[in-house]
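What follows is a single structure, written as C-alpha cells, with notes after it.
Counting convention: from 1, in listed order, for ligands and their atoms alike. Remember, predicted model here, so these are calculated numbers, not experimental data.
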Amino acid sequence: MIVTEKGQVLTSNGTTETKETIRRIALLNAISHRGKAEVQPVLGKVLAEHPHLREKCRQISAVVSEIVEEVNKLPPEQQRVIVEKAWPEALAKEKIEEKRTLPPLPSVEKYERVATRFAPNPDCVLHLGSARAIVLCYEYAKMYDGLFYLRFEDTDPRLKKSALQFYDLIREDLRWLGCEWDDEFIQSDRLSIYYKHAEKILMDGNAYVCTCRPGKFRERALAKQPCPCRDLPSSENLIRWRHMLDGTFKEGEAVVRIKTDLTHPNPAVRDWPALRIIDTELHPHPRVGHEYRVWPLYNFACGIDDHLLGISHVIRGKEHLTNQRRQEYMYEHFGWQYPEAIHYGRLKITGASLSKSKIVEGIRNGIFKDWDDPRLATFAALRRRGITPEAIRRLMIDVGPKTADVVLSWKNLYAHDRKIIDPIANRYFFIRGPKKLSVENVPQTFSVNIPLHPDQPERGFRHFKIEPQEGKASLWVSSDDLKLFKKGKKIRLMELFNFQVQKVRKQLVEAVFHSRSYEEARGIGAPLIHWIPVDTGIPCDVVMPDASVVEGFAEDACKRLRPNEIVQFERFGFIRVDALVEKLTVYFAHR
Ligand SMILES: [Zn+2]
C-alpha cells in the first residue's frame with residue numbers, strides 16, 4: 001500500500017478499497033450524529049479497523065477530512081439511503097451502537113446522593129415541551145442511583161391557578177413516560193414551612209415587608225435606590241408580617257422582599273418579591289380553598305424546597321438563569337449552598353404548538369375536543385396516536401443538556417418511534433377510499449398467506465382466498481392508486497397476481513388477468529398495490545394528526561385487533577387501534 005503525495009490511498013487493488021472503507025465509516029458516523037460526521041472519530045475507527053494504516057496517519061487523516069467533508073454535504077436522508085444500499089449490515093450494527101448516553105453531571109462527588117426534581121405547575125397537562133426536563137432529571141437520577149422527585153408548584157391561585165384534574169393527569173403522563181418518581185411534594189401542603197422561613201429571614205434583617213406601590217418601588221429599584229421600608233427594624237417587619245397574615249393588609253398592599261445588591265445589573269433581581277397576599281375568598285385555591293391568604297412567589301418556594309429536599313442538581317432551561325441569581329441571594333442569607341445548576345438551551349419543535357395558554361384556551365373554546373386532540377403536542381395526544389414514550393425519551397437523551405438552542409421537528413420524533421415500532425408492528429391492508437376492481441379471466445382460485453411481519457414469519461400469516469365467479473374476481477383497491485390505472489397498464493396486486501387495466505369508470509375499474517408471478521411483474525416494471533376481496537373487511541376510520549378522518553376498509557384480520565395495539569397499514573403508515581365496535585377507529589401515528 002502506498003499513500004501518494006495527494007493523500008490518495010493506493011491499495012493492491014488501486015485506491016477504491018480503502019477510500020470506500022473511510023466513506024462507509026464517515027457515513028455511519030454522520031447518520032448517528034444527525035447528518036454531520038466528524039474527522040477525529042472517523043479517523044479513529046479507520047485506524048482501529050486497519051491498524052497497518054497507522055504509520056501513514058497524517059496522510060490518511062487528510063483523506064478522511066476530504067471524505068468527511070463530502071459526506072457532510074449530503075442530506076441526511078441520502079446518507080442513509082447510500083448506506084442502506086451499500087452496507088445494510090453495517091447499519092443494523094450501528095443501530096445497536098447508536099444507543100446514546102448522557103454526558104456526566106458536574107460535581108457529583110460533592111453530594112451524598114444525586115437528587116433531581118421535576119416541578120410542574122398543575123395548571124395544564126404535560127406536553128412535549130416538558131419532556132426534556134422530565135427525561136433529563138429522571139435519567140440522571142437513575143444514572144447515579146439517586147432520587148427523582150415530583151413537586152407540584154401550585155402557589156399561584158390567582159394567575160396560574162391550578163386545577164384538581166391536572167395533579168392526576170400529570171401523574172398519569174409521568175407514569176406513561178416511564179419516569180416513576182421516588183417521592184412527591186405539593187407546595188400548597190407546605191405553606192407553614194414557607195412562613196417559618198419568611199419569619200426567619202425577616203428576623204435576621206435579610207428581608208422586609210414593603211408596602212410601597214409597585215410602580216413607586218420599581219422606579220426606585222431602577223435608580224438603585226432603597227425604598228423606605230428597607231431599613232425598618234426587624235421588629236417592625238415582623239409586625240407588618242403579622243398584618244399580612246391576619247388580613248390587616250389587603251391584596252396588593254404588602255409584599256415580603258428579599259434583600260439583594262441594589263446595584264445588581266439586572267433590575268429584576270433587585271430586592272425581588274418573595275411572598276404576597278392573594279384574596280383567596282375571591283380566588284380560592286383548588287386544594288386548600290381560602291385557608292391561606294399569604295402565598296410564596298416562585299423563587300421563594302422553589303428555592304426553599306430545593307434546599308430542604310436536598311436537590312443536588314437543578315436541571316432546567318436557561319430562561320431560569322435570572323431565577324438562580326435571585327435565589328442565590330436568599331441561599332446566602334440562610335447560609336445554604338446553592339445546588340449545581342444545569343441550564344440547557346431552548347428547544348423548539350417546528351410544527352408543534354407548545355404554548356400552554358393556547359392549549360387551555362383551545363380546549364375552553366371547543367377548538368380542541370380534549371387534551372388528547374391529535375393536533376396537540378400533549379403527551380395525552382401522542383399516547384392516543386400510538387407514539388411510544390420510549391421514542392420521546394430517546395429523542396430527549398439525544399438532545400441532552402446542551403446549552404446551544406436546538407430546533408427539532410416531528411420527523412425527529414417519528415424517526416425514533418419508527419425504529420422502535422417497525423420491528424414489532426404487524427402489517428395489514430387498509431383501503432383508503434375503496435374503489436371496486438373487477439378482474440376477468442382469472443384462471444383459478446387463489447389462496448394466499450401473507451406474513452404479519454415480513455421479517456418475522458414466526459408471527460403467523462393473514463389468509464386470503466379469491467374465488468373467481470365465472471373467471472371474475474372482485475377486489476377493493478384504494479382510490480389513492482387510481483392514478484396508476486390507465487388503459488393497458490399492468491399492475492401487481494401484492495402477493496396475489498398481475499392484471500392489465502381495460503377500462504376505468506367512476507366506481508369500477510375493469511381489468512383482465514395477466515400473470516401470476518412477482519418476477520414477471522418486476523420484469524415489466526408493474527407497480528405493486530394492496531387490495532382486499534370485496535365482501536370482506538371492516539369499515540375503518542383513521543383519525544389523522546390534523547383531526548381529519550380518512551375512511552376506508554381494513555382487511556378481515558383487523559377484526560381481531562385490540563385497542564392500544566400499534567400496527568402498520570401497508571403503504572399508509574403506523575396506527576394505534578383506538579376502538580373496535582361496529583367499525584374500527586384508529587389514530588394515525590406517522591408513516
Ligand atoms: Zn417599600
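Residues His343 and Arg316 have side chains in contact (heavy-atom distance under 4.5 Å, counting atoms from C-beta outward). Looking at heavy atoms from C-beta onward, Tyr140 lies in side-chain contact with Pro401 at the 4.5 angstrom threshold.
For the pair Arg257 and Phe217, the cation sits on the ring face: its NZ or CZ lies under 6.0 Å from the ring centre, inside 45° of the axis. Cation-pi geometry between Arg287 and Tyr167 is satisfied (NZ or CZ under 6.0 Å from the ring centre, within 45° of the ring normal).
Take a cut-off of 2.8 Å around the Zn ion (ligand 1): the protein N, O or S atoms inside it are Cys210 SG, Cys212 SG, Cys227 SG, Cys229 SG.
Remark: aromatic rings of His197 and Phe300 are distant, center separation not under 6.0 Å. Residues Trp295 and Tyr194 keep their aromatic ring centres 6.0 Å or farther apart.
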